[in-house]
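Read the structure below first, then the notes.
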Amino acid sequence: FTSTKEGVNITKQLNADETYILRELTPPAGHKKAEDVKFTVSHDGSLIRVNMYDPQTVVKILKTDEAGNAVIGADLEVRDAVNGDLMAEWTTDGTPKVLTGILDAGKTYQLIEVNQPDGYYKADPVTFTVSETDEVTEVTMVDEPVEIKLVKVKMNTEERLSGGKFSVIRKSDNETIIPEFVLDGE
């Protein structure tokens with residue numbers, strides 16, 4: 001049977017003075033399976049009520065750099081790994097994102113970085129499965145910082161040169177990213 005918010009009435013299927021176990025086979029969406037509940041049918045025909053409590057799933061998502069520092073400004077999505085349905089989306093603000101009662105226990109999802117913040121490479125998707133136990137499922141996506149090394153060399157040689165002033169300008173919009181710096185030959 002499938003329960004409703006009002007419960008389920010079971011008539012003429014159980015025997016008086018016997019003990020039974022209520023076992024959940026499939027939890028509702030966003031919940032984990034409840035623990036078995038033992039109950040005994042009374043001998044006098046009085047109505048008994050059996051309550052089963054389903055804990056909600058909890059998934060904690062962290063977006064960090066390689067040093068474990070929070071990354072702000074990444075646009076993230078969680079999608080069902082099988083059908084691609086969008087389950088959640090947000091922009092990171094430096095705090096963990098906690099999804100409570102949104103994802104199903106035992107199902108697999110993908111955390112996807114749609115847009116990375118300036119100064120970082122886009123991270124690969126992270127596949128994870130929501131815990132079926134009482135533990136919180138923790139998912140961490142790590143962004144790798146963009147690092148380049150600029151070296152000026154004498155033409156037709158490998159000899160490094162020092163001096164001169166430079167700036168870095170983004171080609172797409174002509175915005176100056178680094179206004180002025182000097183190369184030291186290293």
Side-chain angles (χ1 to χ4, degrees), residues 1-42 47-117 119-145:
F1 62 87
T2 301
S3 66
T4 66
K5 289 182 180 182
E6 291 76 37
V8 173
N9 290 326
I10 299 174
T11 306
K12 297 182 185 176
Q13 295 178 12
L14 305 178
N15 297 323
D17 291 325
E18 282 199 44
T19 300
Y20 297 91
I21 294 174
L22 177 62
R23 178 170 292 146
E24 184 170 46
L25 302 178
T26 305
H31 292 77
K32 299 177 182 184
K33 278 187 190 178
E35 294 195 17
D36 289 352
V37 176
K38 186 169 89 171
F39 66 97
T40 302
V41 176
S42 65
L47 184 64
I48 62 167
R49 180 181 178 104
V50 180
N51 292 318
M52 178 173 270
Y53 300 97
D54 282 351
Q56 290 184 310
T57 59
V58 179
V59 177
K60 180 179 175 183
I61 299 173
L62 302 124
K63 180 67 169 162
T64 68
D65 62 17
E66 293 173 320
N69 301 310
V71 172
I72 297 171
D75 296 327
L76 302 181
E77 296 178 342
V78 173
R79 292 190 172 269
D80 185 302
V82 175
N83 62 25
D85 286 350
L86 179 65
M87 306 306 293
E89 61 184 334
W90 69 98
T91 300
T92 60
D93 62 5
T95 61
K97 178 71 170 178
V98 179
L99 303 176
T100 302
I102 295 173
L103 306 178
D104 295 341
K107 281 189 77 176
T108 302
Y109 297 91
Q110 274 202 318
L111 175 61
I112 300 167
E113 185 168 38
V114 179
N115 293 305
Q116 76 276 18
Y120 292 94
Y121 292 107
K122 187 181 285 189
D124 291 331
V126 176
T127 301
F128 65 95
T129 301
V130 178
S131 171
E132 295 185 79
T133 68
D134 285 341
E135 68 188 42
V136 172
T137 301
E138 288 199 16
V139 182
T140 301
M141 178 178 270
V142 179
D143 269 355
E144 184 180 330

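Residues take their numbers from the sequence shown, with the count starting at 1.
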Any side-chain to backbone donor/acceptor pair from D104 onto K107? Under 3.5 Å, distance only.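 Not confirmed, D104 side chain does not pair with K107 backbone.
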So, E144 side chain and Y121 main chain: donor-acceptor pair closer than 3.5 Å or not?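 No, the answer is negative, given that no donor and acceptor are paired below the 3.5 Å cut-off.
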Heavy-atom count around N9 CG within 6.0 Å, excluding the residue itself: above 12? no
Is the shortest distance from a Lys or Arg side-chain nitrogen in D143 or K63 to a carboxylate oxygen in the other one below 4.0 Å? yes
Quick one: pull up [atom1] in [X] and [atom2] in [Y] and give me the separation to the nearest 0.5 Å.
{"X": "Y120", "Y": "D65", "atom1": "OH", "atom2": "CG", "result": "4.5 Å"}
{"X": "E35", "Y": "E24", "atom1": "CD", "atom2": "CD", "result": "11.0 Å"}
{"X": "T133", "Y": "K33", "atom1": "OG1", "atom2": "NZ", "result": "13.0 Å"}

Heavy-atom closest contact ([X] atom, [Y] atom, distance):
{"X": "F128", "Y": "T137", "result": "CD1-CG2, 4.3 Å"}
{"X": "T127", "Y": "Q110", "result": "OG1-NE2, 3.2 Å"}
{"X": "D124", "Y": "M141", "result": "O-CE, 3.5 Å"}
{"X": "I112", "Y": "P125", "result": "CG1-CB, 4.3 Å"}
{"X": "T40", "Y": "I48", "result": "O-CD1, 3.7 Å"}
{"X": "S42", "Y": "A16", "result": "O-CB, 3.5 Å"}

For side-chain contact (heavy atoms from CB on, under 4.5 Å), just list the numbers for N15 and Y20, CA-CA rounded to whole Å, side-chain angles, deciding distance to a tenth of an Å, and then say yes or no. CA-CA 10 Å; N15 297 323; Y20 297 91; 3.7 Å; yes
Do V37 and Y53 have side-chain heavy atoms sitting under 4.5 Å apart? no
P55 side chain near K32 side chain, heavy-atom distance below 4.5 Å: yes
Against T140, only a single residue in I61, V126, L111, L62 fulfils side-chain contact (heavy atoms from CB on, under 4.5 Å); can you say which?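 Of all the options given, the one that passes is L62.
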Residue from V78, V59, V139 passing side-chain contact (heavy atoms from CB on, under 4.5 Å) with Y109: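 For Y109, the side-chain contact (heavy atoms from CB on, under 4.5 Å) test succeeds with only one of V78, V59, V139, which is V78.
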Compile the donor-acceptor pairs under 3.5 Å between side chains in residues 87-103 and protein atoms, sequence neighbours left out, one pair per line.
from	atom 1	to	atom 2	distance (Å)
T91	OG1	D75	OD1	2.6
T92	OG1	V71	O	2.9
T92	OG1	G73	N	3.1
T92	OG1	A74	N	2.9
D93	OD1	T95	N	3.0
D93	OD1	T95	OG1	2.6

